[in-house]
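What follows is a set of notes on a single structure, which appears directly below.
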Amino acid sequence: MRYSQTLIPTVKEVPAEAEIPSHQLMIRAGFIRKVASGTYTYLPLGNRSLLKIIAIVREEMNRAGAQEILMPVLQPMELWEATGRREDYGETLAWFEDRHGRENVLAPTAEEVVTSLVAAEINSYRQLPVNLYQINTKVRDEFRPRFGVLRSREFIMKDAYSFHANVDDLEKTYRAMYDAYCRIFSRCGLKYVAVEADSGPIGGSASHEFMVPCSAGEDVIVHAEDFSYAANLEKAEIDAPAASPQLAAARQAAPAMEEVHTPGVGSIEAVCNFLKNRPADMIKTLVYTSGKDVIVALLRGDHEANENKLRRACDGAALEMAPPEVIKNVTSAAVGFAGPQGLAGKITRLIVDNSVAAMTSGVTGANKTDYHVRNVVPGRDFPLSGANVVVADIRNAVDGDTRGGKALKFSRGIEVGHVFKLGTKYSQKLSANFLDEQGQKQPCIMGCYGIGINRILASAIEMGHDDNGCVLPIAIAPFEVLVVPINISNPEVMGAAERIYKDLQAGGADVLLDDRDARPGVKFKDADLLGIPLRIVVGEKSLKEGKVELKARTEAKPTLVDLGAAVARTLDLAAQLKSQLSGESR
Ligand code: ATP
Ligand code: MG
C-alpha cells in the first residue's frame, strides 16, 4: 500500500478527551475516529489490525473444532423475556420497537438466539457436542463508555457456544477453548493471565477471564507474586487467619459487654470517629433476605462483603439486602444499629466471616436505636457454631491476605476474553433438549466463550507503546514493514525504494511505502507513531554507498545493510518476530 493513497490522518496533539495511552495513540496514529459516545469508525490502519486479529481468532476457533455461523444483530425481545434476562440486563440492553410494535434487542450477546437454534435443530445425543461461533457486532448501552474502544457501546465480539450431553464432554471443550484462547492471545502478542472467575452452577472453577495486566484496566486481579494463583476479586480465596493460641485466654479475660450511647451515629466511619476506634475493631452486621429467610452476615468493619462467597455460604440462595422494615423487625432498632447478640430465633442463618471469628472482641450495634456495644466477644455473645451458624470466607481479599500461605497482590487488568461453563440455565428455559442413549429427554449442558476483538488491539497498544507512539506486535500491526524513501524526487532513491517495496511484497510481507513528498522529520515521526515493527529508510547518502537503514520499532538505532541484502534480511527479521509470538503466558 502507498501512504499517499491511504487515509492515515495522524495527529500531533494529544486529544483532550482521551485519558489513556491506547485511546490517545489510536486517534493520533489515525486508527480510529469517534462518531459519538462509545462508537468509532475504524480507518484503514485500525481496520487492517482488526482484520488480522479476526483472522487469528477464526483460525484458532476452527482449529479447536468450533463452527462459524452468523447470527443477526436484531433479536426478538421474547427470547430475552423467556430467559428472564430482559430484567437482568437492565439498562445495558439496547432495544427498540419496530413499526409493527415488536420489540427488538440489539444483540449484547447471543445465548438466547443460539440456544433457540439448537432447540429447533438438535434432538439426539448423537448430534452432540456442537460448538458454534460467530464474529459479529455487539451493542451494549454501557453506563460509562470510556477509554476509546476498550469500553464502547458497539464492538466486535467473537462469541462461541457449545452444547453437550454430559459434564465430562463440556469439560473437554472448555479445555480446548481455554487452550485456543491461550494461543490466540499469545499470537496477538499479548502478555496475559488466565484468572479464575465465578464459580458457576457446575461447581469447581466454572469460569476463567483472560486479563492483560495493565494500569488502565478496570478489573482487579488478585494473585500470588509469581501468578501461580490468579483470580478476580469476586472469586479470590483467602486463607482463614491462623488459630492464635492466646485467643481463648484473651476472650476469657474480656470484660462484659458495655452499651454506649451513639446518638445518630450509624456508619462504621461515624462510629469510629465517635468512639475513637479503628474500623478493624468493629463487627459489621449485615442483614439479608432470601424469600422468607433472614440471613445475618458478620464482617470486620474494614472488610467488604463478597456477594458470591455469601451466596455459596447460603447453599447458592440468592440474597438481597433486607429492606429497613425487616431490619427493624429483627433488631428492634433503626438501620445502623444492628448487632449479632440476641438474634437467635429471629433469623434463619448467621454467617460469620473467618476474620470476625478470629477477633477477641469487637464493637457492634446494640439492636437499640442510637446505641452500640463494646466488648462483644465471638462465641460468648453470639454463636460461632450450631445448626444455623456458618463460619466461612465471605469477604473480598485485601492487602495483607494470603492464599495457600502466599501473599496476595493486587493488579489491574483488562478483560480480553472469558470462558464460562453455563450449565443448563439457557437450555432449560428455551427447551434445548436432547434424547439420551436411554431415550430420556435431557437439557443440553452449555459453555460459552467470548473475546473482545477491539479490546485486543487497544490492550496491545496499552502494553506496547513509548513516548513516540505505538509499538505493535507484528501479527496485528496494520503493516509489517514500512519503507521510507527520503526525498522522493531523487529517482535513484525512489527507484530503490520501489524495488524494495515490490520485492518485500513478493516475499509475502505486508508493506507500506511512504511515498509522500514530505520532510524526513515528518516521515520519521509518523513512522514511530504508527508502530509498524520494521522500517527501511532509503536515503541519498547511504544509497551512494550501496546501503539502506534497517530498524526495528523497538530499537533505538538503525543498522546499515547492503541494498542487495535488505529484502532478505527484513523478511528474515519479520519471520523471527512472528515466531516469537507463539510466546508464553504468565
Ligand atoms: P466487562 O466486565 O468488561 O463489562 P463482560 O463481562 O460484560 O465485560 P462478556 O459479556 O464476557 O464481558 O463479553 C465478552 C468479551 O467482550 C469481554 O471479555 C470483552 O473483551 C468484550 N467486551 C465486553 N464489553 C465490552 C465493551 N463495552 N467494549 C468493548 N469490549 C467489550
Ligand atoms: Mg460488561
Side-chain angles (χ1 to χ4, degrees), residues 20 22-23 26 32 34-40 42 46 50 53-54 56-57 61 73 80 83 85 88-94 105-114 133-161 174 177-178 180-182 184-185 188 190 192-198 200 206-214 216-221 231-235 308 412-422 425-426 446-463:
I20 59 168
S22 59
H23 188 192
M26 284 177 87
I32 56 166
K34 179 171 158 180
V35 177
S37 166
T39 58
Y40 293 86
Y42 281 79
L50 281 189
I53 295 166
I54 287 173
I56 292 172
V57 170
M61 281 299 106
V73 174
W80 286 76
T83 59
R85 283 218 292 181
D88 294 353
Y89 241 83
E91 294 191 300
T92 309
L93 198 67
V105 171
L106 299 172
T109 174
E111 281 83 2
E112 280 79 0
V113 172
V114 78
Y133 80 97
Q134 66 170 347
I135 300 171
N136 203 359
T137 296
K138 297 287 178 293
V139 179
R140 293 183 181 181
D141 194 358
E142 297 280 2
F143 173 65
R144 196 169 165 215
R146 60 179 187 156
F147 297 157
V149 302
L150 269 183
R151 181 165 302 281
S152 48
R153 293 196 301 155
E154 186 185 312
F155 56 97
I156 303 171
M157 196 201 286
K158 185 287 297 172
D159 44 329
Y161 308 88
Y174 186 82
M177 294 302 269
Y178 182 106
Y181 274 39
C182 293
I184 288 168
F185 298 127
C188 289
L190 297 182
Y192 66 92
V193 200
V195 312
E196 289 181 20
D198 252 19
S207 135
H208 286 86
E209 290 166 352
F210 288 79
M211 300 272 195
V212 175
C214 90
E218 292 181 287
D219 290 283
V220 174
I221 311 171
N232 69 10
L233 197 60
E234 286 79 56
K235 168 84 183 171
N308 281 332
R412 296 195 89 59
I414 299 170
E415 181 194 318
V416 286
H418 192 182
V419 292
F420 197 93
K421 293 176 201 161
L422 281 171
K425 176 174 168 188
Y426 296 97
M446 290 175 63
C448 71
Y449 320 89
I451 286 185
I453 302 289
N454 323 60
R455 265 194 201 174
I456 292 184
L457 178 56
S459 33
I461 297 176
E462 203 55 44
M463 261 181 46

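The chain is numbered in sequence order, starting from 1. Start at 1 and go down the list; that is how both ligands and their atoms are numbered.
Those atoms of ligand 1 with a heavy atom of E142 less than 4.0 angstrom away are 24 (N), 26 (C), 27 (N). Interface atoms of ligand 1 facing V416, defined by a heavy-atom separation under 4.0 Å, are 18 (O), 20 (O). Atoms of ligand 1 lying under 4.0 Å from any heavy atom of V149, numbered from 1 in the order shown and given with element: 29 (C). Within ligand 1, counting atoms from 1 as listed, the ones closer than 4.0 Å to a heavy atom of G417 are 18 (O). Within ligand 1, the atoms closer than 4.0 Å to a non-hydrogen atom of H418 are 11 (O), numbered from 1 in the order shown.
The closest approach between any non-hydrogen atom of L150 and ligand 1 is below 4.0 Å. Contact analysis leaves I456 out of contact with ligand 1, as no non-hydrogen atom separation drops below 4.0 angstrom.
In this structure, the side chains of V139 and R153 stay at 4.5 Å or more apart for every pair of heavy atoms. P108 has its side chain out of reach of T92: every pair of non-hydrogen atoms, C-beta onward, lies at least 4.5 Å apart. Residues V149 and L457 fail the side-chain proximity criterion, which asks for heavy atoms closer than 4.5 Å. Side-chain contact between I451 and F210 is absent, with no heavy-atom pair separated by less than 4.5 Å. When side chains are defined from C-beta on, E415 counts as touching R455, because their heavy atoms get closer than 4.5 Å. D219 is not listed as a side-chain neighbour of N232, based on a closest heavy-atom distance of 4.5 Å or more.
The aromatic rings of Y174 and Y178 are tilted relative to each other, their planes meeting at an angle between 30° and 60°.
Residues passing the salt bridge (Lys or Arg N to Asp or Glu O under 4.0 Å) test with R85 are E111, E112, sequence neighbours excluded.
Heavy atoms of N454 found under 4.0 angstrom from ligand 1: none, in either backbone or side chain. Counting heavy atoms under 4.0 Å from ligand 1, residue R151 touches it through both backbone and side chain. Only the side chain of R140 comes within contact range of ligand 1, with a heavy atom under 4.0 Å; no backbone atom does. Using a 4.0 Å cut-off between heavy atoms, E415 contacts ligand 1 through both its backbone and its side chain.
Of the N or O atoms in F155, none lie within a sub-3.5 Å distance of an N or O in ligand 1.
When G450, A197, S152 are ranked by how near their heavy atoms come to atom 28 (N) of ligand 1, first place goes to S152.
Here the two rings, on Y181 and Y449, have centers that are 6.0 Å apart or farther.
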